[in-house]
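Here is the structure we will look at.
For the numbers below, each heavy atom of this structure counts, side chains included, while hydrogens, waters and symmetry mates do not. As the structure lists them, so they are numbered: ligands from 1, and atoms in each ligand from 1.
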Amino acid sequence: MNVLIIGGGGREHVIAKYVAKNPKVKKLYALPGNGGISQIAECVNISAEDIDGIVNFAESHSIDFAIVAPDDPLALGAVDRLESIGVKCFGPSQNAAIIESSKIFAKELMTRYNIPTAKYKVFTNLDEALSHAALSDCPIVIKADGLAKGKGVTVAENFKQAREAIISCMKDKAFGASGEKILIEECLRGPEVTVLAFTDGKTIIPLISSMDHKRAYDGNKGPNTGGMGVAAPNFYYSDEIADDCMEKIFLPTINALNKEGRKFKGCLYFGLMLTRDGAKVIEYNCRFGDPEAEAVLPLLDCDLFDILLAVRDEKLNELNIKFKDSASCCVILASGGYPGKYLSGYEIDFGESDKIEGVEIFHCGTKFENGKYYTSGGRVLAVNAIACDFPSARTKAYQAVNCIKFENMRYRSDIGAN
Ligand code: AMP
Ligand code: GLY
């Protein structure tokens, strides 16, 4: 089969690496891909948001199967367009991807179907939002309705911060149309858990749980990022909590989407908070998390591409999906300055990192030129180690990190320490 992966980060690199192992995959392309992916797939410089470009490429290269990994093309309807020309896809249609692309839609769905989440109010008017914030006990959470490259959420500790966030969204239009409507939410407390789940709209199979580390600096300080590292499984997510989530959150979400005529096929991302009153949904994403995918997909003990095909063909119930009895620690190596401004174009020296057993290095923002790798993004590499238990995985991941060098390299040294 001719297979196409859309996207160009660490998530797409781990997907490409595991998909390429399946003998059914004869030719693999990535749009746009990156330096690491270029060693496995043919990378073509078409943006993941250029839906016309993607569709034309798929048609002219006789693509049989496409994996649409990032949020933007899913929200723009890439799956619908590709399926309409006969390309089978892994990923939800646009009308199901709305579970991520509109936080208001997601909240209203949860309310309609009694799925536990933080209390909230929707605002379309600046003054009403400001007066509500002024009357609320802080902390409160301000969220832009639409996609905002992971930057649309502010946990405001006081009214001043809430006011700044509301003005930035609704008046200064920091996120364009995505911030015209906002949510103001109750602030929940407790450990956060990510659960990625394969679903074909009938069966839902959660993968091993994980803990993302969203803040830029050690001790969970600094600005939010796309994710600076992952521990998997998540230490707080017991079997009992998992059963509870299946009953009260995962199955009800799939059923709710079906009832609304929005069958979801792909990977559904549950961002949960384990509060004193039980697990509650913080957010849904309509795709694999990044960097969660880099930590969790290597823990699968079966073929990834067969799962993706089964999800598309609604045959997930026919598979026996197994997981390794192991743990992952994933550390992101970023460019100094990220998530703000940073410089790139620096050569990467991998040292002896590839000699450490259980370590895999996924490229998030790199390019490959004349036999050498150079930095080309805020998040540069995801260094993942697997071992029989988490402390051993963590030791190996940091051993590998210590072998790697590039100018202005920065990382968190406390992944999985809390
Ligand atoms: P999101 O962009 O939706 O992933 O949100 C970013 C981060 O904001 C989450 O990972 C949480 O740490 C935090 N957050 C979002 N909603 C809430 C909430 N209702 N209560 C507490 N923290 C929240
Ligand atoms: N790591 C969080 C996300 O992918 O949204």
Side-chain angles (χ1 to χ4, degrees), residues 7 9-12 14-15 69-72 74-75 97 99-107 110 116-121 136-157 161-162 165 169 175 178-179 182-196 207 209-216 220-232 234 266-277 279-297 330 332 334 339 362 364 378-379 382 412 415 418:
R11 167 182 53 204
E12 289 75 18
V14 63
I15 295 172
D71 48 358
D72 285 312
L74 290 165
I99 197 158
E100 172 169 3
S101 58
S102 169
K103 289 187 193 290
I104 295 175
F105 169 84
K107 279 293 198 185
M110 287 187 269
T117 188
K119 293 194 194 85
Y120 70 100
K121 268 188 178 294
S136 303
D137 286 332
C138 284
I140 50 172
V141 184
I142 317 295
K143 295 187 175 179
D145 175 44
L147 295 180
K149 306 263 175 227
K151 295 186 182 147
V153 175
T154 303
V155 179
E157 297 297 338
Q161 288 174 4
C169 269
F175 312 113
S178 285
I182 65 161
L183 287 160
I184 300 185
E185 271 186 29
E186 158 198 27
C187 185
L188 300 175
R189 295 279 181 217
E192 281 185 55
V193 183
T194 301
V195 178
L196 306 177
L207 281 74
S209 64
S210 58
M211 176 183 276
D212 190 9
H213 293 61
K214 288 208 168 79
R215 300 294 189 113
N220 292 327
K221 304 237 161 57
N224 262 324
T225 68
M228 292 297 290
V230 180
N234 187 303
C267 173
L268 188 49
Y269 171 126
F270 296 89
L272 308 172
M273 197 168 266
L274 307 181
T275 73
R276 282 201 200 145
D277 305 325
K280 296 192 179 179
V281 177
I282 292 276
E283 62 162 344
Y284 292 112
N285 290 327
C286 65
R287 51 171 174 87
F288 292 109
D290 190 350
E292 288 95 330
E294 290 94 303
V296 169
L297 291 179
C330 179
I332 293 289
F362 302 110
C364 309
R379 292 189 290 180
R412 275 183 65 163
I415 300 305
N418 43 347

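- Using modelled atom types, no side-chain atom of Ser178 and backbone atom of Ala148 make a donor-acceptor pair closer than 3.5 Å.
- Side-chain contact between Phe270 and Tyr284 is present, with at least one heavy-atom pair separated by less than 4.5 Å.
- Protein heavy atom closest to atom 11 (C) of ligand 1, with residue, atom name and distance, is Glu192 OE2, 3.2 Å.
- The shortest N or O to N or O distance between Asp290 and ligand 2 is under 3.5 Å.
- When hydrogens are left out, the protein atom nearest atom 13 (C) of ligand 1 is Val155 CG2, 4.0 Å; that is the closest non-hydrogen contact.
- Residue Gly289 approaches ligand 2 through these ligand atoms, each under 4.0 Å from one of its heavy atoms: 4 (O).
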Give the C-alpha distance, both sets of side-chain angles, the deciding distance and a yes or no for salt bridge (Lys or Arg N to Asp or Glu O under 4.0 Å) between Glu283 and Lys143. CA-CA 11 Å; Glu283 62 162 344; Lys143 295 187 175 179; over 6 Å; no
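- The atoms of ligand 2 that sit less than 4.0 Å from any heavy atom of Glu292 are 1 (N), 2 (C), 4 (O).
- In this structure, Gly227 falls outside the shell of residues with a heavy atom less than 4.0 angstrom from ligand 2.
- Looking at Thr194 against ligand 2, nothing comes within 4.0 Å, counting heavy atoms.
- Distances between N or O atoms of Leu188 and those of ligand 1 include at least one value under 3.5 Å.
- Here's the thing with Asn224: none of its N/O atoms is less than 3.5 angstrom from an N/O atom of ligand 1.
- Within the structure, ligand 1 lacks Gly271 among the residues with a heavy atom less than 4.0 angstrom away.
- Remark: minimum distance from atom 22 (N) of ligand 1 to any protein heavy atom is reached at Met273 CE, 3.9 Å.
- Applying the 4.0 Å criterion to heavy atoms of Ile282 picks out, from ligand 1, the atoms 15 (C), 16 (N), 17 (C), 18 (C), 23 (C).
- Arg287 counts as a contact of ligand 2, since one of its heavy atoms falls under 4.0 Å from the ligand.
- Which parts of ligand 1 touch Lys214 is read off a 4.0 Å heavy-atom cut-off, strictly below it: atoms 4 (O), 10 (O).
- The closest approach between any non-hydrogen atom of Tyr269 and ligand 2 is below 4.0 Å.
- Between Pro339 and Lys149, every side-chain heavy-atom pair lies at or beyond the 4.5 Å cut-off.
- Using a distance-only test at 3.5 Å, with no hydrogens or angles considered, no donor-acceptor pair links the side chain of Arg412 to the main chain of Gly229.
- Between the side chain of Asp145 and the main chain of Ile182, no donor-acceptor pair closer than 3.5 Å is present.
- Side-chain contact check for Leu297 versus Phe288: some heavy-atom pair is nearer than 4.5 Å.
- Distance alone, capped at 3.5 Å, places no donor-acceptor pair between the Asp71 side chain and the Arg287 backbone.
- In the vicinity of Gly226, heavy-atom distances shorter than 4.0 Å reach the ligand 2 atoms 1 (N), 2 (C).
- The contact set between ligand 1 and Glu186, taken as ligand atoms under 4.0 Å from a residue heavy atom, comprises 18 (C), 19 (N), 20 (N).
- The backbone N or O of Cys286 lies less than 3.5 Å from a partner atom in the side chain of Glu100, making a donor-acceptor pair.
- Which parts of ligand 1 touch Glu185 is read off a 4.0 Å heavy-atom cut-off, strictly below it: atoms 16 (N), 18 (C), 19 (N).
- The nearest protein atom to atom 2 (O) of ligand 1, hydrogens excluded, is given as Val153 CG2, 3.3 Å; this is a heavy-atom distance.
- Close contacts of ligand 1 with Lys103, meaning ligand atoms under 4.0 Å from a residue heavy atom, involve 3 (O).
- With hydrogens and angles disregarded, no donor-acceptor distance shorter than 3.5 Å links the side chain of Arg379 to the backbone of Gly10.
- For ligand 1 and Lys143, the ligand atoms under 4.0 Å from any heavy atom of the residue are 15 (C), 16 (N).
- The shortest side-chain heavy-atom distance between Val153 and Ile142 does not fall under the 4.5 Å cut-off.
- Taking 4.5 Å as the limit, some side-chain heavy atom of Pro70 sits within range of a side-chain heavy atom of Glu12.
- Among all protein heavy atoms, the one lying closest to atom 4 (O) of ligand 1 is Glu283 OE2, 2.6 Å.
- Those atoms of ligand 1 with a heavy atom of Ala118 less than 4.0 angstrom away are 19 (N).
- The Asp212 neighbourhood of ligand 2 comprises atoms 1 (N), 2 (C), with distances under 4.0 Å to a heavy atom of that residue.
- When atom types are taken as modelled, the side chain of Thr225 and the backbone of Lys214 share a donor-acceptor pair closer than 3.5 angstrom.
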Determine, step by step, whether Glu292 and Thr194 satisfy the side-chain hydrogen bond (donor to acceptor under 3.5 Å, both in side chains) criterion, reporting the C-alpha distance in whole Å, the side-chain angles of both residues, the deciding distance to 0.1 Å, and the verdict. CA-CA 8 Å; Glu292 288 95 330; Thr194 301; 3.0 Å; yes
